[in-house]
Amino acid sequence: MKTTFLKSIGGAALALLVLVGGMQISVSGQDDKGHEQQGDRGSRRPSLVGVWLTQVTRRNCVTGEPIGATSQIQLTFAKGGTLLETIGPSTLRSPGNGIWKREHGWNEYSFAQRFMRFDAAGSFTGSGVVRVALTLDETGDHYTSTATNDVLDAAGNVIASGCATSVSTRFSPE
């Protein structure tokens, strides 16, 4: 009888672990490709959550003509609305940190990020703020964006502004 009772408790504990584990997956609401679960039938809709390899082209805000070389950055969008921008080695600026949100429709998003600027001696000279509107494609693996940016001095005054566009591809280890 004691053995049967212990087996029943063990079975109940195992069932509870499976149930809780299943609840965690549902609560996260995301599969391994950054898609959000929607609806009763388990249909998926693309999400911005994940790591993105991004090519940024600075542009003349009036004419739209490219200015300078294209930059390579990496953006990580976390569930909950935060983001991290990783750039190549630079002593003149920090990586960017920011927030993102879904806008109208399933594929329109916006984000804003801030980074710190330094002179060649490593002294803080101000910051930069970038504001982006982006559209995720139907596959959820690419997006295009337009951006504006402000360059601020150490006191927080805007001293320059600019524009940019970007194309991004979701990082996939496959």
Side-chain angles (χ1 to χ4, degrees), residues 24 27-36 45-137 139-174:
Q24 271 185 318
V27 168
S28 78
Q30 305 232 334
D31 67 13
D32 61 352
K33 297 250 187 203
H35 292 78
E36 295 179 359
R45 113 177 136 190
S47 167
L48 196 56
V49 172
V51 177
W52 295 85
L53 308 174
T54 304
Q55 297 179 348
V56 178
T57 303
R58 289 177 296 167
R59 300 200 176 266
N60 180 303
C61 293
V62 176
T63 67
E65 291 298 315
I67 301 171
T70 299
S71 302
Q72 307 293 321
I73 64 170
Q74 181 172 285
L75 293 166
T76 303
F77 294 89
K79 183 177 178 191
T82 60
L83 73 93
L84 173 65
E85 174 210 39
T86 306
I87 61 170
S90 175
T91 57
L92 301 179
R93 66 161 281 196
S94 71
N97 295 280
I99 54 174
W100 66 271
K101 66 179 179 175
R102 183 185 310 274
E103 295 293 346
H104 308 289
W106 66 268
N107 66 337
E108 295 179 22
Y109 295 84
S110 65
F111 69 85
Q113 70 175 25
R114 180 182 181 276
F115 58 87
M116 296 177 288
R117 297 182 312 105
F118 304 93
D119 64 18
S123 298
F124 177 73
T125 60
S127 59
V129 176
V130 181
R131 292 174 184 81
V132 178
L134 69 89
T135 303
L136 193 61
D137 79 355
T139 69
D141 291 330
H142 305 278
Y143 74 72
T144 57
S145 72
T146 58
T148 59
N149 66 286
D150 290 327
V151 178
L152 291 80
D153 64 17
N157 302 305
V158 176
I159 57 173
S161 294
C163 297
T165 58
S166 74
V167 294
S168 298
T169 301
R170 183 184 299 277
F171 170 73
S172 175
E174 300 169 354

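As the structure is a prediction and not an experimental result, all values here were calculated from the model.
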Specify the closest pair of heavy atoms between Leu48 and Tyr109, including all atoms of both residues, with the distance to one decimal.
-> N-OH, 3.5 Å

Donor-acceptor pair, Arg58 side chain versus Gly68 backbone, under 3.5 Å?
-> no

How about Ile99: does its CD1 atom have over 12 heavy atoms from other parts shown lying under 6.0 Å from it?
-> no

With no hydrogens and no angle check, do the side chains of Thr70 and Gln55 hold a donor and an acceptor under 3.5 Å apart?
-> no

Say whether Ser161 and Asp150, considering side chains only, have a donor N or O and an acceptor N or O under 3.5 Å apart.
-> yes

Under the criterion side-chain hydrogen bond (donor to acceptor under 3.5 Å, both in side chains), which of Asp137, Asp141, Thr54, Thr144 is the partner of Ser168?
-> Thr54

Residue pair Pro66 / Thr57: nearest heavy atoms and the distance that separates them | CB-CG2, 3.9 Å

I'd like a table of donor-acceptor pairs (distance under 3.5 Å, sequence neighbours excluded) in which one partner is a side-chain atom from residues 116-130, with atom names and distances.
residue : atom : partner : partner atom : Å
Arg117  : NE   : Ser127  : O            : 3.3
Arg117  : NH2  : Thr125  : O            : 3.4
Arg117  : NH2  : Leu152  : O            : 2.9
Asp119  : OD1  : Ala121  : N            : 3.0
Asp119  : OD1  : Gly122  : N            : 3.0
Asp119  : OD1  : Ser123  : N            : 2.9
Thr125  : OG1  : Arg117  : O            : 3.3

Name all residues meeting the side chain to side chain donor-acceptor pair (under 3.5 Å) criterion together with Thr165; count only those two or more places apart in sequence or in a different chain, and write none if there are none.
-> Arg59

Rounded distance [0.5 Å steps], CZ in Phe115 versus CG in Asn97 | 11.5 Å

Among pairs that include at least one residue of residues 143-174, which meet ring pair (Phe, Tyr, Trp, His ring centres under 6.0 Å), considering only residues two or more places apart or in two chains?
-> Trp52-Tyr143

In chain order, what residues pass the side chain to side chain donor-acceptor pair (under 3.5 Å) check against Gln113, with sequence neighbours excluded?
-> Glu85

To the nearest 0.5 Å, atom OG of Ser166 lies from atom CG of Leu75 at 7.5 Å

The side chain to side chain donor-acceptor pair (under 3.5 Å) partners of Thr169 (sequence neighbours excluded) come to His142

Could you list the residues that satisfy side chain to side chain contact (heavy atoms under 4.5 Å, CB included) with Thr86, not counting sequence neighbours?
-> Gln74, Leu84

To the nearest 0.5 Å, atom CG of Asn107 lies from atom CZ of Arg102 at 9.0 Å

Taking every non-hydrogen atom, the tightest pair across Ile87 and Ser94 = CD1-O, 4.0 Å

Cys61 and Gly162: which non-hydrogen atoms are nearest, and at how many Å?
-> SG-C, 3.4 Å

Pair Phe77 + Phe111: ring centers closer than 6.0 Å | yes

